Amino acid sequence: MSHKVRVRFAPSPTGGLHLGGVRTVLFNYLFAKKHGGDFIVRIEDTDQSRFVTGAEAYIFDCLKWCGLTPDESVLHDGAYAPYRQSERKEIYRQYAEQLIKDGHAYYAFDTPAELEQMRELLKIKGSSSLQYDHHVRMNMNNSLRLLPIETQQLLDAGTPYVIRIKISADEFIPFTDMIRGDINFDTNAVDDKVLLKADGMPTYHLAVVVDDFLMKITHAFRGEEWLPSAPVHILLWKYLFGLNKMPQWAHLPLILKPDGNGKLSKRDGDRLGFPVYAMDWSDPVTNEITKGFKEIGFLPEAFINLLAVLGWNDGTEQEIFSIVELIEKFSMEKVHKGGAKFDFEKAKWFNHEWIKKLEVDHYAVRVKEIFESNGIAITDDNYLKKVMGLVKERCTLLPDFFIQGSFFFQAPVSIDTLAIKPKWDEKRNLFFMELIRVWELSTLWESTDLEISFKELAAANQLKTGELMLPLRIMLVGGKFGPGVFEIASAIGKEVTIKRIEHTLSLLQ
RNA sequence: GCCGCGUUGGUCAAGAGGUUAAGACGCCUCCCUUUCACGGAGGAAUCACGGGUUCGAGUCCCGUACGUGGUACCA
């Protein structure tokens, strides 16, 4: 307890950063910050065949957008560098050798073909498992079966080999998971996992344990898919560093697809029409772009919020949390055991809430970009912010500001005259002609003034205001949506208002 | 197949043996608004199943079903 809390997020740079990945980062981050600890990002790039250019930089971009800044990482320095496992390659070997020396691991020279043959044989024998374990290892080509001199000869000859952990039979590995409580594993179900690959790189199993030790990690949080290999890691801790130094584990529940079965994948997003990655990911090989939450118009505050409450809640009715509140209220014990299906409708609701809640200044820059990418140059930022304030409660995603607010900047592209025509007649036509004259002479242009003059004129013409407001709205907006008509008229100004009324009037002739 | 983990409305979920089983999203109705939203009021809809334990079980135990993950020189 006297040690400073240190946690890590350890992604493989193999592609886009998935919702589940961001949530793992988030829970790590929240836990670290809550306990005044350090949040470390370590790049687990031990599989050279899966390396993807740009993926690492992309991960850091996502973290930056989310506001989850690491204390130590490839980009943030720290006392335990390097933070990229490929650069730590030499470190791992000595631990693997140590395990061999202590009798907990061995060299295995079996070729892929021989391994396949072994599995075929087990299958024929009707064995329930096809594992490389105590049942078969004495029939295999490894240093356990070979004479020491034979092993040495193979080694000297440069024969390719891996180092495997020697899992003893009939042993129980108990451990406590912060979320799931006490769990017991039977070693008979675990195989002699490869620790060091033929290319000299460690596998995940060796690398996590060694690095977590070296980097003084106190709490290790990862996805539930790692639970079955936990006994291997625990054994390695026991053999290498001692169980008393082992971090506390928590295996986070999975995020599942909304329909059907299984883990949420990128393909589900494509299929169901929502993003699965935090930010746009462009595949360097195929150039295919996969949409991200940021780009479709999510606020980072909302993204973080919705992820936090997917599998966790503080036991109250509260659903909207700022990052500061999350840090204060988060606890690993309240994380669920079961996986949660992702619901995009609810995700959008969070964004809507955050758009309403936040001052428009927080996201005006992005909305400005959206307008500009739609061909509307914003020359007056204050006017933009005013418009945003007027329409924000109708916007769920950031691009909605364009849909809801373009008519403040340009004449409506199309005018829904069909909505006016059924109740249109000469009397109403004359009313609007007169309205133009009245408003042209008006020196006051506040929405309340406009409403008063509009209503007075309607009364004088013995027309119901209500029947005239919809036509006015259509004239100014183009359709049946948007904030109060008089507020719109006031915002767009006298000249534009009159021009739009005249234009629609001519359309109605 | 084997091993692990899980299971409260359609979805997210509160719930630590005694509750009329919260709340939210979505859906429906109504009010507000002569637009669309926002806001407000209401509605439909749930403890996977079977056995125990107990005066009493969504809550504890055991089975079953279902889901999910793992079973690679991937992480």
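By convention in this document, chain letters (A, B, ...) are assigned in the order of the sequence lines, proteins followed by strands, and residues within each chain are numbered from 1. Side-chain atoms are counted along with the backbone in the values below, which use heavy atoms only and exclude waters and symmetry mates. Predicted, not measured: the structure shown is a model, and the values here were computed from it.
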Item to check | Selected nucleotide, minimal atom distance to Val162(A) side chain, candidates G70(B), U71(B), C73(B) | outcome: C73(B)
Next on the checklist: Less than 4.0 angstrom from a charged side-chain N to a carboxylate O is my criterion; do Lys263(A) and Asp268(A) meet it?
Outcome noted: no
Item to check | Nucleotide of G70(B), C38(B), A14(B) approaching Lys356(A) most closely (side-chain heavy atoms) | outcome: C38(B)
Item to check | Candidates C25(B), U71(B), A75(B) - which lies nearest the side chain of Thr203(A) | outcome: A75(B)
Checklist entry - Should U20(B) form a Watson-Crick or G-U wobble pair with both distances under 3.5 Å, which nucleotide is its partner? => result none
Checklist entry - Less than 4.0 Å between a side-chain N and a carboxylate O, is that true for Arg119(A) and Glu116(A)? => result no
Polar atoms only, N or O, under 3.5 Å: list the protein pairs with nucleotides 57-63 of chain B and their distances.
none

Checklist entry - Do the numbers put Lys357(A) on top of the ring of Trp354(A), so that NZ or CZ is under 6.0 Å from the six-membered ring centre and no more than 45° off the axis? => result yes
Checklist entry - Could you give the CG-to-C1' distance, from Leu310(A) to C12(B), as a whole number of Å? => result 7 Å
Next on the checklist: Does anything in residues 479-490 of chain A form a side chain to side chain donor-acceptor pair (under 3.5 Å)? List the pairs, not counting sequence neighbours.
Outcome noted: none
Item to check | Side-chain donor/acceptor of Lys346(A) to base of A24(B), under 3.5 Å | outcome: yes
Checklist entry - Does C38(B) have a Watson-Crick or wobble mate here (both distances under 3.5 Å), and if so which one? => result none
Checklist entry - What distance, rounded to whole Å, do you find between the two P atoms, one in U29(B) and one in C38(B)? => result 15 Å
Checklist entry - Is C32(B) paired to anything, Watson-Crick or G-U wobble with both distances less than 3.5 Å, and if yes, which nucleotide? => result none
Item to check | Pair Phe454(A) + Phe431(A): ring centers closer than 6.0 Å | outcome: yes
Checklist entry - Just checking, any donor-acceptor pair under 3.5 angstrom between side chains of Asp192(A) and Tyr106(A)? => result yes
Item to check | Separation of the P atoms in C25(B) and G39(B), to the nearest angstrom | outcome: 9 Å
Checklist entry - Looking just at side-chain N and O atoms, do Tyr132(A) and Asp110(A) make a donor-acceptor pair shorter than 3.5 Å? => result yes
Checklist outcome for this item: Of the listed G69(B), A37(B), A75(B), the closest approach to the Glu393(A) side chain comes from A37(B)
Item to check | Nearest to side-chain heavy atoms of His352(A), which nucleotide of A13(B), C38(B), A72(B) | outcome: C38(B)
Next on the checklist: Rounding to an integer number of angstrom, what distance separates C61(B) and G6(B) when you compare their P atoms?
Outcome noted: 11 Å
Checklist entry - Any side-chain donor-acceptor pair under 3.5 Å between Asn141(A) and Tyr107(A)? => result no
Checklist entry - Counting any heavy atom closer than 4.0 Å, what does Lys257(A) reach on the DNA or RNA strands: base, sugar-phosphate only, or nothing? => result nothing
Next on the checklist: Between C1' on G69(B) and CD1 on Ile255(A), what's the gap in Å once rounded to a whole number?
Outcome noted: 15 Å
Next on the checklist: Which nucleotide wins on minimum distance to the side chain of Lys464(A), given the candidates U34(B), G23(B), C73(B)?
Outcome noted: U34(B)
Checklist entry - Quick one: what's the B/S/- string for nucleotides 1-10 of chain B, heavy-atom cutoff under 4.0 Å, read 5' to 3'? => result BSSBSS----
Item to check | Span that lies between the P atom of G10(B) and that of A45(B), in whole angstrom | outcome: 11 Å
Item to check | Lys329(A) and Gln318(A) side chains, donor-acceptor separation under 3.5 Å | outcome: yes
Item to check | Under-4.0 Å salt bridge between Glu171(A) and Lys238(A) | outcome: yes
Next on the checklist: Please give the distance between the C1' atoms of G23(B) and G51(B) as a whole number of Å.
Outcome noted: 34 Å
Checklist entry - Tell me: CD1 of Ile355(A) to C1' of C38(B), nearest whole Å? => result 13 Å
Next on the checklist: What is the separation between atom CD on Gln318(A) and atom C1' on A13(B), rounded to the nearest whole Å?
Outcome noted: 14 Å
Item to check | Identified pairing partner of G63(B), criterion: Watson-Crick or G-U wobble below 3.5 Å | outcome: C49(B)
Next on the checklist: Could you tell me how far apart Ile320(A) (CD1) and C25(B) (C1') are, to the nearest whole angstrom?
Outcome noted: 11 Å
Next on the checklist: What's the gap between C62(B) and A57(B) when it is taken at their C1' atoms, as a whole Å value?
Outcome noted: 15 Å
Next on the checklist: Can you identify which nucleotide, out of C73(B), A13(B), U35(B), has its nearest atom closest to the Lys480(A) side chain?
Outcome noted: U35(B)
Item to check | 5' priority, RNA chain B, between Thr111(A) and Trp312(A) [closest heavy atom] | outcome: Trp312(A)
Next on the checklist: Can you check the distance between U11(B) and G52(B), where both ends of the measurement are the C1' atom (answer in whole Å)?
Outcome noted: 33 Å
Checklist entry - Which nucleotide in the list G70(B), C36(B), C73(B) gets nearest to the side chain of Arg394(A)? => result C36(B)
Item to check | Separation of the P atoms in C49(B) and A72(B), to the nearest angstrom | outcome: 36 Å
Item to check | Any donor-acceptor N or O pair under 3.5 Å, side chains His251(A), Arg180(A) | outcome: no
Checklist entry - Pick the nucleotide of RNA chain B nearest each of Asp110(A) and Thr465(A); which residue has the one closer to the 5' end? => result Thr465(A)
Checklist outcome for this item: From CZ of Phe342(A) across to C1' of A13(B) the rounded distance in Å is 16 Å
